[in-house]
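Remarks on the structure that follows.
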Amino acid sequence: MDIQKQIEILSKGTVDVLPENGLKEKLEKSQKENKPLRVKLGIDASGPDIHLGFAIPLRKLRAFQDFGHKAVLIFGDFTGKIGDPTGKNKTRPQLTDDEVKKNLENYKDQVFRILKENMTEIRLNGEWSDALKPTDIVNLTSKFTVARMLERDYFFERYKSGVPISIHEFLYPLFQAYDSVAVKADIELGGTDQKFNLLLGREIQEAYGVEPQIIMTMPLLEGLDGTRKMSKSYGNYIAITESPKEMFGKTMSIPDGLILKYMTLATNMSAEEVKRAEESLKAGDNPRNMKVLLAKKIISLYHSDILAEEAEAEFNRIFKEKGLPDEIEEKSLDKSREYKLTALLKELNLVESSSEASRLIKQGGVKINQKAVTDFNFSYKPESGDILQVGKKKFVKII
RNA sequence: GGAGAGAUUCCCGAGCGGUCAAAGGGGACAGACUGUAAAUCUGUUGGCUGAUGUCUUCGAAGGUUCAAAUCCUUCUCUCUCCA
């Protein structure tokens, strides 16, 4: 395929491609030398789930693979240990080697739902970072200045408002940049929040005599709350491994204003399809219908069309018709005795404490066989097939 | 090294000897409404207890007091300014 066309496809949906002509040069060089480009993407080693937000650069990475390039995934076991770059008060717990290994296995499984395994190189950055000696580290830190580090909005804000910044946090971008040196990245992908770090990668590469990478940033996807970016720590995400049912429900809970953005960023929908959705929204079509479409597209991407249809039916049954879900967790109880309902709900993990249970009962949030329980002193005698329900989402079937 | 300020429940933040399980906001949860949401309204938001009640909580450890989130001592951590 000719290069102009490739550029068009690869830069689709990106915010920045820097420097401007760089992508073209890299692609031309790659073609001329018949050598695939090394396209880098970093993954944080701490958490277990890949979500739709992170899937955006991952899918971009896949697009590069489709043109024959190499995906270089950097698994941040070392940078993960440096600490918590989100500046929360709790220091991120040090990951043990076992945890790192476990998370890695877990990630592989998820990543290869999107990437081609045979064109992917997974590297742990501890491999080279752990080997750096103090002199090497001092040398690395000498390549950049405090003033410039403080320019980064994220540090600037905190500095201005008196939120602590530890010295080690300054190291984080430096080590990430050094990764680019170590793997000789031609291109690095990331969210727009990574722009600073990615650009730093270019400078550090140059300082180490490596050809600087092109950086490509992609929009951040807002999470389910509609305001903050989708992230593990906010718990507002849809993981790509989630069940169709969960994906559907979560998608339906996003604010209307995000429908088109999700369609563009989180699905395979073409520009025309998105356009069509936009028009029918403008024409006054119920946004709910567009969300259903969106939810099904997401499920099709990570599961299948059939499961998408099923998820929709299930969702309608529970929420539209206020019925019961298809599959309910089953628990067996001793039918010969009576249970104190509050204690039982706690035992079944439907609530966290019996106080919470009595609160919910008072509020009419606890139902047995779809009938609200009002007496928080209720003594319950189980029968096979009974359905206990807490709120709208939690169900247990007694067997 | 010196001088100040501060650490409160999930988060932000008020409280500055009893009326404090601790105002207010955010978030979360539940109910109503709905298009599933959002917005709005109502309620809840430490544990145990049928309830009156009781136990544990205000950075940590000690102390003063009939009584401490509030006073004192030491410690830990953070911020600001000066060097």
Side-chain angles (χ1 to χ4, degrees), chain A residues 83-84 86-91 150 155-169 222-228 231-238 244-262 277 280-281 283-296 298-299 311-323 325 338-347 349-368 370-380 388-395:
Chain A
D84 179 13
T86 61
K88 294 286 178 191
N89 45 5
K90 289 177 204 92
T91 316
L150 279 172
F155 286 130
F156 184 71
E157 293 301 324
R158 281 168 62 195
Y159 188 60
K160 216 173 49 182
S161 57
V163 178
I165 301 172
S166 304
I167 304 281
H168 80 278
E169 294 183 65
E222 283 89 347
L224 305 177
D225 53 20
T227 49
R228 296 178 301 183
S231 142
K232 270 171 272 195
S233 39
Y234 300 139
N236 60 355
Y237 65 91
I238 301 177
K245 183 176 143 189
E246 283 170 304
M247 282 185 175
F248 199 98
K250 286 188 177 179
T251 307
M252 291 306 274
S253 78
I254 65 169
D256 291 351
L258 284 176
I259 295 176
L260 296 172
K261 189 164 185 185
Y262 266 62
S280 64
L281 281 176
D285 192 5
N286 190 336
R288 181 188 184 278
N289 299 334
M290 289 304 116
K291 267 200 232 180
V292 169
L293 176 65
L294 169 65
K296 290 202 284 190
I298 292 173
I299 297 167
E312 181 187 7
E314 166 96 350
F315 185 84
N316 286 341
R317 192 159 51 238
I318 301 177
F319 290 98
K320 245 176 141 178
E321 292 144 31
K322 295 201 193 282
E338 295 200 342
Y339 290 84
K340 191 165 167 211
L341 189 58
T342 49
L344 179 65
L345 292 177
K346 183 180 163 195
E347 209 181 299
N349 285 326
L350 289 168
V351 296
E352 279 192 29
S353 67
S354 48
S355 300
E356 190 188 349
S358 34
R359 269 183 239 127
L360 289 170
I361 290 173
K362 274 183 216 158
Q363 296 177 94
V366 175
K367 292 179 189 152
I368 296 177
Q370 316 227 51
K371 266 181 62 190
V373 177
T374 48
D375 176 12
F376 53 87
N377 217 351
F378 189 74
S379 183
Y380 167 65
L388 303 186
Q389 180 180 357
V390 175
K392 289 192 182 69
K393 295 175 209 132
K394 290 188 245 175
F395 300 87

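These numbers come from the heavy atoms of this one structure, side chains and all, not from hydrogens, waters or symmetry mates. Each chain gets a letter, A, B and so on, in the order the sequences are listed, and its residues count up from 1.
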Between B/rG46 and B/rC58, how far apart are the two P atoms, rounded to whole Å?
15 Å

A/K340 has a side chain; which of B/rG50, B/rG35, B/rC29 sits nearest to it?
B/rG50

Partner residues of A/K296 under the salt bridge (Lys or Arg N to Asp or Glu O under 4.0 Å) criterion, sequence neighbours left out
A/E309, A/E312

For A/K261, salt bridge (Lys or Arg N to Asp or Glu O under 4.0 Å) partners two or more places apart
A/E222

Not counting sequence neighbours, which residues clear ring pair (Phe, Tyr, Trp, His ring centres under 6.0 Å) with A/Y262? List them please.
none

Using the ring pair (Phe, Tyr, Trp, His ring centres under 6.0 Å) criterion, which residues pair with A/F155? Sequence neighbours excluded.
A/F170

Just the rounded figure in Å: distance from [atom2] of [N] to [atom1] of [X].
{"X": "A/L360", "N": "B/rG31", "atom1": "CG", "atom2": "P", "result": "8 Å"}
{"X": "A/N236", "N": "B/rC11", "atom1": "CG", "atom2": "C1'", "result": "15 Å"}
{"X": "A/L294", "N": "B/rG35", "atom1": "CG", "atom2": "C1'", "result": "15 Å"}
{"X": "A/L341", "N": "B/rG50", "atom1": "CG", "atom2": "P", "result": "13 Å"}
{"X": "A/Y262", "N": "B/rA37", "atom1": "OH", "atom2": "P", "result": "16 Å"}
{"X": "A/Q389", "N": "B/rC29", "atom1": "CD", "atom2": "P", "result": "15 Å"}

What's touching nucleotides 5-7 of chain B from the protein side, N or O pairs under 3.5 Å?
none

Can you give one letter per nucleotide of nucleotides 39-48 of chain B, going 5' to 3': B for a protein heavy atom under 4.0 Å from the base, S for sugar-phosphate only, - for none?
----BSS-SB

Ion pair check, A/R288 and A/D256, cut-off under 4.0 Å:
no

When A/D225 and A/G364 are each assigned the nearest nucleotide of RNA chain B, the 5'-most assignment goes to A/D225

